[in-house]
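Input: a single structure, listed below in structure tokens.
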Amino acid sequence: MEERAQLTVNGETIDLPIITGTHNEKAIDISSLRSKTSHITLDCGFGNTGACTSAITFLDGEKGVLHYRGIPIEELAEKSTFVETAYLLITGELPSQGQLDNFAASFTEHASLHKDMLNFFNGYPITGHPMGLLSAMVCSLSGYHPELLKTDVSGEEIERMGAQLLSKVRTIAAYTYRKSINKPFIPPRDDLKYIPNFLHMMFSAPQKEYTPEPAVVNALQTLLILHADHEQNCSTSTVRLVGSSWANLYACVSAGVCALWGPLHGGANQQVIEMLQEIHAAGGNTQKFIDKAKNPNSHYRLMGFGHRVYKNYDPRAKIIKQRAHQLLEEHGIHDPLLEIAVKLEEAVLKDDYFKKRKLYPNVDFYSGIIYKAIGIPTAMFPVMFAIGRMPGWIAHWKEMKEDPKTRIGRPRQIYTGYAQRDYVPIAQR
Ligand code: ACO
């Protein structure tokens with residue numbers, strides 16, 4: 001039997017359809033609410049509002065479950081590569097060998113940046129945050145590749161645009177880092193795969209090739225896979241909202257980078273390491289910081305804890321924690337920040353304040369320890385997140401373009417300002 005919901009507004013009852021997802025998740029479809037009742041819904045922060053249906057990622061925050069296109073992330077983190085996972089997210093299916101080879105070949109074809117674009121980097125202050133540069137560069141790509149401005153696209157054409165974007169973003173990210181340390185750009189190499197090529201552009205010198213340890217490539221591979229999509233979070237919703245006006249893929253992804261930058265979202269990985277460094281400098285007293293976060297009069301938060309949808313351990317954080325330990329052990333690195341992180345987590349998980357609010361470590365809590373061990377500077381952490389999230393943004397833009405039900409995103413509001421009043425000339429105020 002079709003499920004329905006009844007809503008009574010000022011004595012008048014209306015009947016609304018219920019939409020059911022693959023895993024029996026339920027939504028009351030209120031799209032006829034305003035025309036039937038002249039009321040809207042109010043849901044600040046969108047905690048209860050679905051903005052679309054999507055077949056890309058499934059997430060159960062109560063159980064700590066995350067699937068990309070039906071495949072648990074634990075399996076992808078163990079067996080897949082970032083490029084294969086990107087293909088899966090964007091096209092919906094795992095590739096055959098031939099499809100994967102073609103996809104990877106587009107990365108090689110598009111790895112270099114237009115020579116005029118390199119001048120952009122020189123105009124950016126060396127102390128500027130890399131996320132500002134990344135966002136500007138991604139948006140500017142459309143100026144050098146006007147074919148990317150097309151918005152009436154679908155299917156394989158978007159897949160090709162996506163591969164081009166994924167490849168260019170890798171080069172932009174590495175050059176952003178080179179710019180920040182005032183060193184010459186290292187061109188991409190055709191013979192290297194996605195992650196070794198990125199590390200080569202980051203860390204090689206003109207006369208000295210950097211060859212990463214397999215453990216470093218594996219750790220980065222895992223991190224990028226785990227960041228690849230997370231359904232309707234702040235940055236992905238931004239990409240979809242901007243895209244709903246038919247803005248081009250590059251403009252939308254550039255907006256996504258800006259949304260991700262914030263410390264409550266992808267900027268948290270940078271903040272976590274800065275917080276751990278602060279705790280370390282303060283003698284390792286984690287309790288002092290926990291108390292500060294619990295103080296209702298302070299706006300301070302323990303970065304890397306809590307999540308809008310996970311009310312259980314974030315499944316990504318579980319894997320990243322394990323990989324961080326593994327990488328440091330294999331390399332014989334002793335990082336006091338990892339010890340502080342473990343101590344902080346143990347204390348938080350026992351604390352009633354955090355237990356009551358179901359605040360667990362999230363994806364950003366342990367990722368910085370890995371980036372730091374690889375030699376990536378703190379300000380670049382959100383950029384690493386953005387590289388990882390790129391396939392998700394592209395997949396959502398594609399899904400939205402191909403869905404005939406897509407309408408321009410336009411939330412409403414309840415106005416609480418002045419009622420009508422007269423203009424008063426300045427001399428009489
Ligand atoms: N430290 C201390 N208290 C916290 C924390 C935290 N990290 N997170 C939430 N709380 C408290 C809030 O103060 C609030 O307490 P109250 O009920 O007494 O008012 C309660 O828990 C609920 O918090 P909200 O802010 O309502 O939760 P929301 O879902 O809006 O926010 C968010 C989620 C932004 C992730 C939040 O937990 C946070 O700020 N965490 C720290 C930043 C962070 O790590 N962000 C990365 C998230 S993962 C990602 O985006 C990739």
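Both ligands and their constituent atoms are indexed starting at 1 by order of listing. As the structure is a prediction and not an experimental result, all values here were calculated from the model.
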Got the closest protein heavy atom to [atom], with its distance?
atom	value
atom 49 (C) of ligand 1	His265 ND1, 3.6 Å
atom 46 (C) of ligand 1	Leu264 O, 3.3 Å
atom 41 (C) of ligand 1	Phe305 O, 3.4 Å
atom 38 (C) of ligand 1	Arg301 NH1, 3.3 Å
atom 7 (N) of ligand 1	Leu302 O, 2.7 Å
atom 42 (C) of ligand 1	Met303 CE, 3.6 Å

* Identify whether NZ of Lys or CZ of Arg in Lys179 sits under 6.0 Å from the centre of the six-membered ring of Phe121 and within 45° of that ring's axis. =>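 Not satisfied by the 6.0 Å and 45° rule.
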* To do: Kindly indicate whether a cation-pi arrangement holds for Arg323 with Tyr366, taking the cut-offs as under 6.0 Å to the six-membered ring centre and within 45° of the axis.
  =>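 Ring-cation test returns no.
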Is [atom] less than 4.0 angstrom from at least one protein heavy atom?
atom	answer
atom 19 (O) of ligand 1	no
atom 22 (C) of ligand 1	no
atom 27 (O) of ligand 1	no

With a cut-off of 4.0 Å, which atoms of ligand 1 are near a heavy atom of [X]?
X	result
Gly304	43 (C), 44 (O)
Gly306	35 (C), 37 (O)
Ala268	43 (C), 44 (O), 45 (N), 46 (C)
Phe385	51 (C)
Arg308	28 (P), 29 (O), 30 (O), 33 (C)
Asp364	46 (C), 48 (S), 49 (C), 51 (C)

* Asked: Any idea which part of Lys294 is under 4.0 Å from ligand 1, heavy-atom wise: side chain, backbone, both or neither?
  ->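 None of Lys294 does.
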* To do: Report the part of Tyr353 in contact with ligand 1, treating N, CA, C, O as backbone and CB onward as side chain, heavy atoms under 4.0 Å; options are side chain, backbone, both, neither.
  =>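 Tyr353 to ligand 1: side-chain contact only, backbone stays beyond 4.0 Å.
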Distance-only donor-acceptor check, side chains [X] and [Y], under 3.5 Å:
X	Y	value
Thr57	Asp229	yes
Thr49	Asp43	yes
Glu399	Ser54	yes

* **Among Arg357, Arg389, Lys358, closest by any non-hydrogen atom to atom 14 (C) of ligand 1** =>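 It is Arg357 whose heavy atom sits nearest to atom 14 (C) of ligand 1.
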* Asked: Who gets closest to atom 10 (N) of ligand 1 by heavy atom: Leu359, Val309, Asn362?
  ->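 Answer by nearest heavy atom: Leu359.
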Using residues 368-380 as the side-chain source, report each donor-acceptor pair under 3.5 Å to any protein atom, sequence neighbours left out, with the distance given to one decimal.
| residue | atom | partner | partner atom | Å |
| --- | --- | --- | --- | --- |
| Lys372 | NZ | Asp335 | OD1 | 3.3 |
| Lys372 | NZ | Asp335 | OD2 | 2.9 |

* Does Asn218 reach the side chain of Ile195, with side-chain heavy atoms less than 4.5 Å apart? ->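 Heavy-atom side-chain distance check fails, nothing below 4.5 Å.
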* Asked: Judging by distance only, is a nitrogen or oxygen of Tyr300 under 3.5 angstrom from one on ligand 1?
  ->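 By distance alone, the answer is no.
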* Asked: With Phe354, which residues qualify under ring-ring contact (aromatic ring centres under 6.0 Å, His included), at least two apart?
  ->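 Not a single residue meets the ring-ring contact (aromatic ring centres under 6.0 Å, His included) criterion with Phe354.
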Once the angle between the rings of [X] and [Y] is folded into 0 to 90°, is it parallel (under 30°), tilted (30 to 60°) or perpendicular (over 60°)?
X	Y	result
His129	Trp261	tilted
His230	Tyr310	tilted
Tyr177	Phe203	perpendicular

* Asked: Would Gln164 and Tyr250 count as a side chain to side chain donor-acceptor pair (under 3.5 Å) if you check the C-alpha gap in whole Å, the side-chain angles of each, and the deciding distance to 0.1 Å?
  -> CA-CA 11 Å; Gln164 187 166 352; Tyr250 285 61; 4.8 Å; no
